[in-house]
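Reviewing the structure listed below.
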Protein chains: 2
Amino acid sequence: MPPTPAVPDGRRATLADVAAQAGVSVALVSIVMRGAKGASPATRERVLEAARAIGYRPDSRARMLRSNRTHLLGVQFEIQEPFHTDLVEHLYAAAESVGYQIALSAVAASRSERQAVESLLGDRCEALILLGPQAPAARLAELAALLPVVSVARRLRPPVPGVHVIRTADDEGARQAVDHLVSLGHRDIAHIDGGKAPGAADRRRGYRTAMNRHGLADRIRVLPGGLTAQDGATAADALLAAGARPSAVLAFNDACATGALSTLFRSRVSVPEEISVVGFDDSRLARLPHVDLTTMAQDIARMAELAVTRVTERLEASDTPTGQDIVAPHLVIRGTTTAATAG
Amino acid sequence: MPPTPAVPDGRRATLADVAAQAGVSVALVSIVMRGAKGASPATRERVLEAARAIGYRPDSRARMLRSNRTHLLGVQFEIQEPFHTDLVEHLYAAAESVGYQIALSAVAASRSERQAVESLLGDRCEALILLGPQAPAARLAELAALLPVVSVARRLRPPVPGVHVIRTADDEGARQAVDHLVSLGHRDIAHIDGGKAPGAADRRRGYRTAMNRHGLADRIRVLPGGLTAQDGATAADALLAAGARPSAVLAFNDACATGALSTLFRSRVSVPEEISVVGFDDSRLARLPHVDLTTMAQDIARMAELAVTRVTERLEASDTPTGQDIVAPHLVIRGTTTAATAG
DNA sequence: GCGTGCTTCTAGAACGTTCTAGTACCCGAG
DNA sequence: CTCGGGTACTAGAACGTTCTAGAAGCACGC
């Protein structure tokens with residue numbers, strides 16, 4: 001059955017059209033559409049039928065314009081960043097469960113953070129959830145003066161008042177990874193770090209702390225790395241060239257780890273038999289069957305849920321203080337780690 | 001300097017606030033804000049200054065509500081699909097260049113296509129750009145009755161009236177891939193196919209056609225595959241088990257190709273020395289340094305540009321017929337193909 | 001007969017913008 | 001001095017919704 005193309009002329013159907021069709025007032029149709037109370041079951045049915053007949057669909061702009069609330073949470077994310085797209089997926093679910101909607105605004109090569117945020121503000125989002133924002137603290141403060149802001153996966157030092165931060169316990173994650181390797185009997189554990197990437201300093205510190213705690217201070221070896229596969233590959237080259245090869249490597253993140261893996265494969269060093277490798281993030285990459293990387297998983301679902309909660313509770317009670325939520329990561333054991341060979 | 005927190009109470013500043021501040025009428029402020037003509041340079045400056053002072057920001061909802069045009073193109077995409085996110089990136093650029101804006105609506109585990117599209121319709125998008133839509137033809141026809149619709153990367157058979165299709169010449173791509181391998185001296189070229197995935201039939205056909213054309217009809221070997229890395233790995237296992245190993249493999253897509261690669265690595269079959277591998281899509285995966293996959297690139301920028309063009313030209317002149325645009329792919333030679341070893 | 005209270009419904013004003021149809025003014029031509 | 005025609009500006013009505021106030025109807029208790 002064809003979907004009855006709206007009203008006579010090209011316009012989309014409005015409340016008034018439905019009202020005319022059903023022979024009631026506009027206000028009553030509004031009541032029915034919102035599911036508010038104040039309409040008898042009989043008319044309710046009649047109105048709904050009329051709406052269906054002429055293909056009425058509420059206009060969210062008009063709706064938001066009138067009711068001062070938009071119930072819109074603006075999300076800025078990097079469209080090419082798998083970690084961000086994972087988060088977005090969970091944000092949809094989290095927002096829906098508390099009666100809010102998500103407005104997406106991507107950052108891409110052709111679209112700056114500034115543009116992304118401006119567009120969200122123009123849509124009158126009630127709050128901003130920024131994934132890994134690069135904006136300077138001053139800019140964030142400026143935004144925070146306007147509406148509740150939360151920064152996910154980007155630590156702010158010093159904290160910016162009005163901006164709540166949600167991040168993974170990077171140091172704790174690195175410690176867990178080292179603990180895992182040590183429990184497998186490894187002692188020569190190297191770390192390919194993330195340079196100046198967000199979180200890199202914490203992971204480096206976590207690695208050092210754990211090594212010290214296990215009495216392996218003299219085995220600490222930090223190789224300059226980065227957040228791309230290329231960085232990992234280069235670092236692994238350096239590692240092999242150096243001669244004394246460690247029995248395990250903790251990489252800054254999964255991309256870096258896969259880069260290292262590829263170097264090892266090419267050099268016919270078998271993983272995990274000759275060397276164990278641990279990544280960080282539990283990205284899609286790590287889960288690919290031929291990568292099958294042991295890694296520290298960030299609790300993305302939890303982070304998304306926290307982001308929505310923090311922001312909505314500030315909308316409801318505007319005096320809620322901002323702070324920081326640090327989410328614990330957990331180890332996911334896959335195929336790139338195994339017990340150290342004796343000796 | 002602090003960003004002067006809007007108007008006395010909590011409200012966001014409106015045209016009326018700016019008007020009051022600058023001592024002019026609301027209509028004039030509107031003129032200045034739109035950059036329309038009808039204001040003297042002097043007042044223009046004064047109004048802009050007032051707007052800046054109280055932190056005015058236009059309300060896009062009200063703006064769209066009043067002017068019948070929204071200049072909004074709704075884009076439905078799979079948030080986890082790298083091919084889609086690549087497209088989105090180019091869509092932003094393409095839309096901007098013709099004065100339209102993009103409204104994103106993601107499909108995810110927790111969000112169905114229906115929800116995604118409903119939200120776009122509620123925002124009163126003027127047209128829909130659907131990336132790889134799964135919706136049945138009837139549903140698409142229903143949407144097409146409402147507004148211009150274009151389906152990217154999803155062939156519709158039979159064509160749905162009102163829905164324009166933009167897709168890659170999959171058969172042509174497979175032929176080019178085979179040509180490349182043949183030109184390198186390969187003759188035993190197998191194809192790991194995509195089963196029932198969109199485009200798979202065309203790529204299979206292109207492979208067969210090319211093999212025939214090169215007089216290699218008796219070397220045709222199609223292995224059941226799929227679109228995941230796992231599918232590729234499994235198919236490669238079968239290939240090796242079968243004994244008579246081909247000298248080259250054309251995989252359905254990059255994910256499938258990397259799956260095959262991993263099996264080959266593990267089985268110590270060196271690529272490309274012993275066997276050449278070609279993927280399809282030129283996804284991010286293919287570009288990773290340790291994958292470095294020769295592949296058929298889809299012309300994403302062109303597809304995005306076409307999507308925007310087709311849809312906007314229908315908005316401007318509603319009688320533009322719908323049809324199909326078939327975009328040529330091109331070969332990207334990387335490290336997984338080389339000349340066949342003699343014999 | 002008259003208030004009271006409940007349900008069902010409606011008129012009309014908002015929301016922040018753009019657009020239409022003006023008014024007010026100035027300048028030069030007749 | 002009036003007319004025409006531009007430029008600078010403004011009042012007020014839209015756009016499609018929600019919300020506030022209140023009206024109409026009805027049953028009930030006195």
Side-chain angles (χ1 to χ4, degrees), chain A residues 6-7 9-48 50-51 54-72 101 121-126, chain B residues 6-7 9-48 50-51 54-72 101 121-126:
Chain A
V7 256
D9 49 20
R11 293 181 313 115
R12 296 276 274 275
T14 74
L15 279 189
D17 298 317
V18 180
Q21 171 88 1
V24 295
S25 73
V26 168
L28 185 55
V29 179
S30 170
I31 286 172
V32 172
M33 284 310 164
R34 277 174 292 145
K37 63 175 187 179
S40 72
T43 31
R44 200 173 284 272
E45 187 46 50
R46 194 154 44 92
V47 167
L48 287 175
I54 65 178
Y56 169 77
R57 201 181 304 272
D59 184 326
S60 64
R61 298 162 309 158
R63 189 169 261 194
M64 290 171 180
L65 179 57
R66 170 58 231 209
S67 49
N68 283 335
R69 302 292 309 268
T70 63
H71 284 276
L72 222 47
Q101 289 199 304
L121 292 176
D123 290 344
R124 287 296 187 265
C125 290
E126 299 185 348
Chain B
V7 255
D9 48 21
R11 293 182 313 115
R12 297 276 274 274
T14 75
L15 280 188
D17 297 318
V18 180
Q21 171 89 2
V24 296
S25 74
V26 169
L28 185 56
V29 179
S30 170
I31 286 172
V32 172
M33 284 309 165
R34 278 174 291 145
K37 63 173 186 179
S40 73
T43 31
R44 201 174 284 273
E45 187 45 51
R46 192 154 45 94
V47 166
L48 287 176
I54 65 178
Y56 169 77
R57 200 180 305 269
D59 185 326
S60 66
R61 298 161 310 158
R63 187 170 263 194
M64 289 170 180
L65 178 58
R66 171 57 230 211
S67 49
N68 285 333
R69 302 293 308 269
T70 63
H71 284 275
L72 222 46
Q101 288 199 303
L121 292 176
D123 289 345
R124 288 296 188 265
C125 290
E126 299 186 346

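Numbers restart at 1 for each chain; the letters A, B, ... are given by sequence-line order, proteins then strands.
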(request) Considering non-hydrogen atoms only, spot the tightest contact between R46(A) and A22(A) and give its length. (result) NH1-O, 2.6 Å

(request) Would you name the heavy atoms of A51(A) and M33(A) that are closest together and state the gap between them? (result) CB-CE, 3.2 Å

(message) Between T43(B) and dC9(D), is there a contact of a side-chain N or O with OP1 or OP2 at under 4.0 Å?
(response) yes

(request) Heavy atoms only: give me the nearest A16(B)-V26(B) pair and the separation to one decimal. (result) CA-CG2, 3.8 Å

(request) Could you check I54(B), L28(B), V32(B), V24(B) and say which one makes a side-chain contact (heavy atoms from CB on, under 4.5 Å) with V18(B)? (result) I54(B)

Output one line per pair: protein atom, nucleotide atom from nucleotides 17-19 of chain C, and distance, for all N/O pairs under 3.5 Å.
| unit_1 | atom_1 | unit_2 | atom_2 | d |
| --- | --- | --- | --- | --- |
| dT17(C) | OP1 | Y56(B) | OH | 2.5 |
| dT17(C) | OP1 | D59(B) | N | 3.3 |
| dT17(C) | OP2 | L15(B) | N | 2.5 |
| dT18(C) | OP1 | R63(B) | NE | 2.9 |
| dT18(C) | OP2 | S30(B) | OG | 2.5 |
| dT18(C) | O2 | R66(B) | NE | 3.3 |
| dT18(C) | O2 | R66(B) | NH1 | 3.2 |
| dC19(C) | OP2 | R34(B) | NH1 | 2.9 |
| dC19(C) | O4' | R66(B) | NH2 | 3.3 |

(request) To the nearest Å, give me how far apart CZ (R44(A)) and P (dT8(C)) are. (result) 9 Å

(message) What is the separation between atom CG on L28(A) and atom C1' on dG25(D), rounded to the nearest whole Å?
(response) 15 Å

(message) Donor-acceptor pair, distance only, cut-off 3.5 Å: does the side chain of R63(A) make one with the backbone of P58(A)?
(response) no

(request) Measure the distance from CG on L65(B) to P on dA14(C) and round it to the nearest whole Å. (result) 17 Å

(request) State, to 0.1 Å, how close R124(B) and R12(A) come at their nearest heavy-atom pair, and which atoms those are. (result) NH1-NH2, 3.5 Å

(request) Write down the distance between CD1 (I54(A)) and P (dG16(D)), rounded to a whole number of angstrom. (result) 12 Å

